[in-house]
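Proteins get letters first, then strands, A, B, ... in listed order; numbering begins at 1 in each. Treat the numbers as computed from the prediction; the structure is a model and nothing was measured.
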Protein chains: 2
Amino acid sequence: MNDGRGKVRGLRRSELARLTGCNLETIRYYENIGIMPPPPRTARNYRVYDESHVARLRFVMRARDLGFTLEETRDLLDLVDGRAGTCPDVQALAQRHIEAVRAKIADLRRIERVLSETVSRCTGDEVPDCAVIDALQQAD
Amino acid sequence: MNDGRGKVRGLRRSELARLTGCNLETIRYYENIGIMPPPPRTARNYRVYDESHVARLRFVMRARDLGFTLEETRDLLDLVDGRAGTCPDVQALAQRHIEAVRAKIADLRRIERVLSETVSRCTGDEVPDCAVIDALQQAD
DNA sequence: CGTTGAGTCTGTATGAACTACAGAGCGTAA
DNA sequence: TTACGCTCTGTAGTTCATACAGACTCAACG
């Protein structure tokens, strides 16, 4: 696994899963649908991953966690891979994603504000009704 | 639909869908799984909604849009409904969600920064390789 | 007054994105 | 050398919706 110069030589699927926190089966799924590249194999047909796979999978997972669809993630990866066409194309694609990201941030901030107001106004007493809970109802 | 005092009397499912932007079928789905309460029915078995359903459904949709799972959304609704137990319980639940939201915001900001740096450094020329695209690779 | 077109009802099928399982092969350590 | 854990493949199941089929209702139009 180590070539003695501090570089990881090869990772098995379970190791890639552990390093990224990705589900073992999802790695194969991403390969099947073309999100992850098919890695080289050992003589006995075992997949062998390296740092580039770790970085790519982490990127995919963060994008998914942030609510991008797999198709949107594919676009982001095309950007990463320089497969998004000409520079103006790249700019336009990135700009659309920036706007989507900003909208998500704004929404999350609204939710965060309402939640923290609720919590801070909570007395912490053993009262079943917080009297501030209905603040959440107007959370928009 | 209107009692003459500015209050909506009853909404059909399609009207609830239009007011909230929710898919028509999803409303029934949410009722089936207990996210939305079963509304009263007309003599002919048509569902009748009111403003409380509008507010609740909007809340659910925003929570889902912000990446909360249906189960988490259920927790938030319990909070709203005062069904989450004592006030300290409510605080703890809300606090966990606040932390999840803040983590998401931090992730999104990182993504946003990298994307806008990419775009701003783009020349806009018809060059297939932007020379900044690999910045995205380190987007973590 | 009848029929027609839009809206509703139910159950079920389809879709996206995973996630788990079954059955076979590999590999290493006791 | 066999036991245990890992890998491989294909396929089935889960979650969160979304769409469809077939029957019913209802208001309007001629």
Please report the distance, rounded to the nearest Å, between CE in A:M61 and P in C:dA17. 15 Å

Do the side chain of A:Y46 and the base of C:dG27 come within less than 3.5 angstrom through a donor-acceptor pair of N or O atoms? no

Contact under 4.0 Å: B:R64 side-chain N or O vs D:dC16 OP1/OP2: no

Are B:T20 and B:M61 side-chain neighbours, meaning at least one heavy-atom pair lies under 4.5 Å? yes

Presence of salt bridge, B:R28 and B:E25, under 4.0 angstrom: yes

Pairwise 5' ranking along DNA chain C for A:L70 and B:N45, keeping only the more 5' one: B:N45

Please list, by residue number, the residues of residues 20-32 of chain A whose heavy atoms come closer than 4.0 Å to an atom of DNA chain D; answer none if no residue qualifies. A:R28

Taken to the nearest whole Å, CZ/A:R12 to C1'/C:dT28 is 11 Å

Expressed in angstrom and rounded to an integer, what is the separation of B:M36 atom CE from D:dA17 atom C1'? 15 Å

Are any of A:R41's side-chain N or O atoms less than 4.0 Å away from OP1 or OP2 of D:dT9? yes

Rounded to whole Å, how long is the line connecting atom CG of A:L16 with atom P of D:dC6? 16 Å

Rounding to an integer number of Å, can you tell me how far B:F68 CZ sits from D:dT15 C1'? 18 Å

Donor-acceptor contact present, side-chain A:R13 to main-chain A:Y46, <3.5 Å: no

In terms of the nearest nucleotide of DNA chain D, which residue is placed more toward the 5' end: B:T42 or B:E71? B:E71

OP1 or OP2 of D:dC8 versus the side-chain N and O atoms of A:R47: is any pair under 4.0 Å? yes

Give a yes or no answer on whether the side chain of A:R102 reaches the backbone of B:E112 with a donor-acceptor pair at less than 3.5 Å. no

According to a strict under-4.0 Å criterion, is B:S14 in side-chain N/O contact with OP1 or OP2 of C:dT8? yes

When the axes are fitted on five pairs at both termini, how much does the helix from C:dC1-D:dG30 to C:dA30-D:dT1 curve, in 10° steps? 10°

Check the pair A:Y49, A:I27 against side chain to side chain contact (heavy atoms under 4.5 Å, CB included), reporting the backbone distance first and the verdict last. CA-CA 11 Å; A:Y49 298 100; A:I27 294 171; 3.3 Å; yes

Ionic contact status for A:E99 with A:R96, cut-off 4.0 Å: no

Is any side-chain N of the basic residue among A:D107 and A:R110 closer than 4.0 Å to the acidic one's carboxylate O? yes

To the nearest Å, give me how far apart CZ (B:R74) and C1' (D:dA17) are. 14 Å

Would you say D:dC26 has OP1 or OP2 under 4.0 Å from some side-chain N or O of B:R44? yes

Sub-4.5 Å side-chain heavy-atom contact between B:R47 and B:R12: no

State, yes or no, whether a side-chain contact exists between A:F68 and A:V101 at a heavy-atom distance under 4.5 Å. yes

